[in-house]
Amino acid sequence: MVYSWPNRMQNTIISERSFTQIEKEIKKENNDSLKKLLAHQYIKKAKETHDNLKIADAYYNLSEAYSHSIKGIDYADSIIQITKNLNGKKYPAQGYLQKGIQFYYSGKYSKALENYLIANKHYGAQEDDFKQLVIRHYIGLLKNKIDEDGDAFNIFKDNMTFFDQGENQKKYKRQYLKSLFAVANAYIVNNKLDSAEFYSEKGIKVSLETKDKYLYPHFLLSYGGTMMLQKNYQVALDSMLKGNSLIPNKKIPLCINYFHISAIYDSLQIKSKSLLYLEKIDSIYQKEPQVIVQARKAYELLLKRYRKEDNNIKQLETIKKLLTTDSLIKRQSQDLGKQIVEGYTTPKLISEKEKLIEKLKGEKKKEKIINLLLISFLIFLLGGIIYLIRKNLINKKRFNAILQNQNESIVQKEAASNIAKKVVKRQANDIPEEVVDTILKKLDKFENSKKFIKRQYTLSSLAKELNTNSAYLSKIINTKKETSFSQYINNLRIDYAVTQLTKDSLLRSYTIKAIAKEFGFNTTQSFTTAFHKKTGIYPSYFLKKINN
């Protein structure tokens with residue numbers, strides 16, 4: 001579809017419209033495609049000003065326009081990168097909060113929490129009560145994910161007292177609606193349906209009063225959930241199906257709603273439609289891994305259905321999917337997935353899998369394929385476990401060696417340096433001794449200046465800066481450092497990166513890509529390769545261990 005309005009306005013937005021006008025258009029626009037186009041227009045205009053605050057606002061608009069996606073996370077990260085040195089009231093705190101929210105929408109709850117805590121540290125220093133309330137709201141949502149519903153409920157109710165004052169409802173309308181929605185869902189979880197219905201209806205009314213009907217589809221879903229629990233199935237279906245049509249890109253709430261619709265059709269004995277919505281969840285999960293928890297629940301119901309039908313093939317397929325989701329849930333968030341996995345444990349699944357294979361022995365061709373797959377799986381699993389244990393031990397040794405090296409005394413380092421210089425003098429005997437000493441002193445000064453992280457050096461450019469020739473410099477680096485010029489520069493950067501990352505917790509919250517740029521590497525891959533070559537471990541492992 002071609003949208004004529006934005007095409008006509010495309011040039012006038014850049015040249016004539018103010019930032020405030022464009023922001024208003026973005027906020028009130030309900031069409032996702034038009035919202036994205038406006039956000040891109042905004043950043044184009046912002047970049048022309050070379051104003052980092054305006055550019056950060058532009059990235060925020062883009063993150064909102066691409067919410068619930070990887071791009072939403074990337075644009076939030078761009079806010080942090082461009083404002084990390086500003087330390088103002090709005091940024092970079094807003095960038096960390098937005099990044100946490102986008103991680104939450106993507107199902108990466110541990111990373112969401114990391115960013116919430118960094119944002120909260122900034123807002124605490126600013127004594128910004130409202131923004132700290134927002135952080136509490138999102139931490140409450142995370143508590144729901146690990147079945148600490150009571151704590152979450154208390155957070156949401158406490159937050160609602162802030163909105164007992166009418167002016168706060170008007171001033172912070174969007175957060176007021178978020179709090180209403182959270183409280184409504186909390187009452188549903190606690191089976192207090194009268195209160196759940198009250199807050200859902202109130203949310204619908206307030207959301208309809210906003211220009212963009214903010215959270216209106218979600219309140220329809222919570223109202224539908226309340227009606228479902230009251231066994232008012234037709235009203236529940238009407239509300240849920242209407243809500244579905246308004247949130248096609250919000251995959252997690254969409255799958256939660258599909259799960260509820262399936263339960264309603266099951267209660268109405270319309271088994272085919274009940275099955276259809278469970279399969280829709282499976283279909284979404286194949287493309288959108290963030291709905292893993294909802295997919296796991298759907299697979300449990302599908303497995304029960306296939307058992308009743310005595311459909312062994314479908315049972316086996318579903319068990320494999322359950323095993324896969326269990327493994328991923330454990331790896332992604334041990335605490336978050338604990339109750340889900342324990343509800344239907346992996347050993348029980350493997351045992352049932354073996355029984356099903358025995359029942360299928362009559363089909364010889366399939367039996368051979370399944371047995372081969374099972375053996376391969378067990379061998380792969382055993383090999384993987386051995387490999388991971390061995391790798392973990394090696395990595396621990398290398399990590400401890402790095403820390404030990406960090407604690408090495410200055411005296412030891414100077415002694416080692418003096419010995420190295422003597423070796424150089426013997427090895428570089430075709431270069432005048434006074435030249436060797438001069439270049440070594442200049443190299444020491446160069447290393448202490450940390451210039452190697454600020455610009456890209458070649459052998460020629462460094463030789464020119466040190467006022468010597470490339471041949472002498474190359475030979476002295478080869479003999480003194482016992483490495484090539486490029487590896488010498490990389491080693492300086494990695495040593496400095498290890499030192500700074502060990503000391504600076506805020507720096508450790510950056511992405512690997514941002515850390516790479518911070519220490520003079522052009523790409524994530526070049527940083528990762530250099531780090532591993534120097535230390536024997538990857539930067540992701542180092543960051544995980546040092547944070548622990």
Side-chain angles (χ1 to χ4, degrees), residues 3 6 9 13-14 17-47 51-83 88-108 111-112 115-116 118-119 122-123 130-131 133-135 137-138 141 171-179 181-182 207 210-219 246-254 288 290 511:
Y3 299 97
M9 297 302 297
I13 287 174
I14 291 295
R17 291 196 164 196
S18 68
F19 288 109
T20 303
Q21 287 174 321
I22 303 173
E23 279 187 334
K24 286 181 179 179
E25 292 289 349
I26 291 171
K27 286 180 180 178
K28 73 179 183 181
E29 183 55 65
N30 290 321
N31 183 286
D32 286 341
S33 296
L34 298 185
K35 183 172 286 190
K36 289 173 184 176
L37 184 143
L38 285 164
H40 282 291
Q41 296 293 341
Y42 188 102
I43 195 166
K44 184 176 180 182
K45 182 179 178 70
K47 285 183 176 179
D51 183 338
N52 282 351
L53 287 176
K54 285 296 180 188
I55 296 172
D57 288 339
Y59 281 129
Y60 180 83
N61 288 330
L62 282 166
S63 182
E64 285 287 284
Y66 287 91
S67 187
H68 294 70
S69 72
I70 297 299
K71 282 189 175 181
I73 297 171
D74 290 341
Y75 284 127
D77 192 52
S78 295
I79 299 172
I80 296 169
Q81 296 313 310
I82 202 167
T83 63
K89 186 172 182 180
K90 186 174 184 181
Y91 297 117
Q94 185 69 27
Y96 285 110
L97 175 55
Q98 180 69 1
K99 190 175 180 182
I101 293 169
Q102 295 308 314
F103 270 131
Y104 175 84
Y105 288 153
S106 300
K108 298 177 180 178
K111 290 186 177 181
N115 284 275
Y116 292 156
I118 295 171
H122 285 283
Y123 289 132
F130 172 69
K131 286 296 186 180
L133 175 145
V134 174
I135 300 290
H137 172 86
Y138 283 105
L141 295 180
K171 186 176 180 180
Y172 306 110
K173 180 63 70 71
R174 292 172 83 87
Q175 184 58 44
Y176 173 52
L177 282 163
K178 289 179 182 179
S179 295
F181 181 65
S207 64
T210 63
K211 291 182 179 179
D212 58 350
K213 298 181 180 178
Y214 185 64
L215 288 186
Y216 171 64
H218 297 78
F219 282 112
L246 300 173
I247 57 165
N249 297 322
K250 310 296 188 290
K251 301 305 180 185
I252 291 178
L254 192 65
E288 307 286 347
Q290 68 265 33
T511 63

If you compare all heavy atoms of [X] against all heavy atoms of [Y], which two are closest, and at what distance to 0.1 Å?
{"X": "Tyr91", "Y": "Leu53", "answer": "CD1-CD2, 3.8 Å"}
{"X": "Ser106", "Y": "Ile73", "answer": "OG-CD1, 3.5 Å"}
{"X": "Ser63", "Y": "Gly72", "answer": "OG-O, 2.7 Å"}
{"X": "Ile82", "Y": "Ala56", "answer": "CG2-CB, 4.1 Å"}
{"X": "His137", "Y": "Ala182", "answer": "CE1-CB, 3.7 Å"}
{"X": "Ile135", "Y": "Ala119", "answer": "CD1-CB, 3.9 Å"}

### Query
Listed by chain and number, what are the ring pair (Phe, Tyr, Trp, His ring centres under 6.0 Å) partners of Tyr105, not counting sequence neighbours?
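Tyr105 satisfies ring pair (Phe, Tyr, Trp, His ring centres under 6.0 Å) with His68 once adjacent residues are dropped.
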Would you compute the distance between atom [atom1] of [X] and atom [atom2] of [Y] and round it to the nearest 0.5 angstrom?
{"X": "Leu246", "Y": "Leu215", "atom1": "CG", "atom2": "CG", "result": "12.0 Å"}
{"X": "Tyr138", "Y": "Leu133", "atom1": "OH", "atom2": "CG", "result": "11.0 Å"}
{"X": "Lys111", "Y": "Lys99", "atom1": "NZ", "atom2": "NZ", "result": "8.0 Å"}
{"X": "Asp57", "Y": "Gln94", "atom1": "CG", "atom2": "CD", "result": "9.0 Å"}
{"X": "Leu38", "Y": "Ser33", "atom1": "CG", "atom2": "OG", "result": "11.0 Å"}
{"X": "Leu62", "Y": "Tyr75", "atom1": "CG", "atom2": "OH", "result": "5.0 Å"}

### Task
For Ser78, check side-chain contact (heavy atoms from CB on, under 4.5 Å) against everything at least two apart and list the hits.
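Counting only residues at least two positions away or on another chain, Ser78 forms a side-chain contact (heavy atoms from CB on, under 4.5 Å) with Tyr59.
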#### Entry: Verdict with reasoning, Tyr96 to Ile79, per side-chain contact (heavy atoms from CB on, under 4.5 Å)
CA-CA 8 Å; Tyr96 285 110; Ile79 299 172; over 6 Å; no
### Message
Just so I know, are the side chains of Phe219 and Leu177 near enough to count as touching, which here means a heavy-atom distance under 4.5 Å?
### Response
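Yes, close enough: below the 4.5 Å cut-off.
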### Query
If we only count heavy atoms from C-beta on, is the Val134 to Tyr172 side-chain gap below 4.5 Å?
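They are not in contact (no side-chain heavy atoms under 4.5 Å apart), so the answer is no.
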### Task
I would like to know whether Lys178 and Tyr214 meet side-chain contact (heavy atoms from CB on, under 4.5 Å); could you show each step before the answer?
CA-CA 9 Å; Lys178 289 179 182 179; Tyr214 185 64; 2.8 Å; yes
### Query
side-chain contact (heavy atoms from CB on, under 4.5 Å) between Gln102 and Asp77: does it pass, once the steps are laid out?
CA-CA 10 Å; Gln102 295 308 314; Asp77 192 52; over 6 Å; no
### Message
Let's go through Tyr66 and Asp74 carefully: what are the C-alpha distance in whole Å and the side-chain angles of both, what is the deciding distance for side-chain contact (heavy atoms from CB on, under 4.5 Å) to 0.1 Å, and is it a yes or a no?
### Response
CA-CA 10 Å; Tyr66 287 91; Asp74 290 341; over 6 Å; no
